Participant: 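Okay, here's the structure, questions in a sec.
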Amino acid sequence: MGSRGGKKVINFYNSSGELANIVKFLEEVQKKINYLNLNCKVEGKAIKITLVGPRDLQYLASERIRELANQYL
């Protein structure tokens, strides 16, 4: 892999405020994104996900996470 590692932060907002939606979203992220280190922080309706690893994998993961966010948040 030629791409360098780094860190990418993605922010989401749970507009419904439903805790169940956040839990489902994070469970799906955990199932689908198992090739990168990630850290999730939830504060109220705000969700901050930090991805650590190769940039090309970060890009792929961020696309998948955005799709899940559209589905659950």
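Everything numeric here is computed off the predicted structure, so don't read it as measured data. Computation of the quantities below employed the complete heavy-atom set of this structure, encompassing side-chain atoms and omitting hydrogens, waters and symmetry-equivalent molecules.
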Participant: Around atom CD of E63, are there more than 12 heavy atoms of other residues, nucleotides or ligands at under 6.0 Å?
Facilitator: yes
Participant: Just verifying a value: how many Å separate I49 CD1 and R66 CZ, rounded to the nearest 0.5 Å?
Facilitator: 10.0 Å
Participant: Roughly how far, to the nearest 0.5 Å, is the CD atom of E27 from the NZ atom of K32?
Facilitator: 12.0 Å
Participant: What do the steps show when you test K41 against T50 for side chain to side chain contact (heavy atoms under 4.5 Å, CB included), and what is the final call?
Facilitator: CA-CA 9 Å; K41 185 175 185 179; T50 306; over 6 Å; no
Participant: Hey, are K31 and E28 close enough for a salt bridge, meaning a charged N less than 4.0 Å from a carboxylate O?
Facilitator: yes
Participant: Which atom pair, heavy atoms only, marks the closest approach of K7 to Q58?
Facilitator: N-NE2, 3.6 Å
Participant: Hey, could you give me the CD/CG distance between Q30 and L38, rounded to the nearest 0.5 Å?
Facilitator: 8.5 Å
Participant: If you measure from CD1 on I22 to CG on N14, what distance do you get to the nearest 0.5 Å?
Facilitator: 4.0 Å
Participant: Which atom pair, heavy atoms only, marks the closest approach of L51 to A61?
Facilitator: CD1-CB, 4.1 Å
Participant: Give me the atom names and distance for the closest heavy-atom approach of L57 to L36.
Facilitator: O-CD1, 3.5 Å
Participant: Supply the atom-to-atom distance L60 CG to I65 CD1, rounded to the nearest 0.5 angstrom.
Facilitator: 9.5 Å
Participant: Run the side chain to side chain contact (heavy atoms under 4.5 Å, CB included) check on F25 and Q71 step by step: do they pass?
Facilitator: CA-CA 8 Å; F25 170 66; Q71 194 175 340; over 6 Å; no
Participant: Calculate, to the nearest 0.5 Å, the distance between atoms CD1 and OG belonging to I33 and S62 respectively.
Facilitator: 8.5 Å
Participant: Under a 4.5 Å side-chain heavy-atom rule over Ile, Leu, Val, Met, Phe, Trp and Tyr, are Y35 and L68 clustered together?
Facilitator: yes
Participant: I need the minimum non-hydrogen distance between V42 and G44, along with the two atoms involved.
Facilitator: CG1-O, 3.8 Å
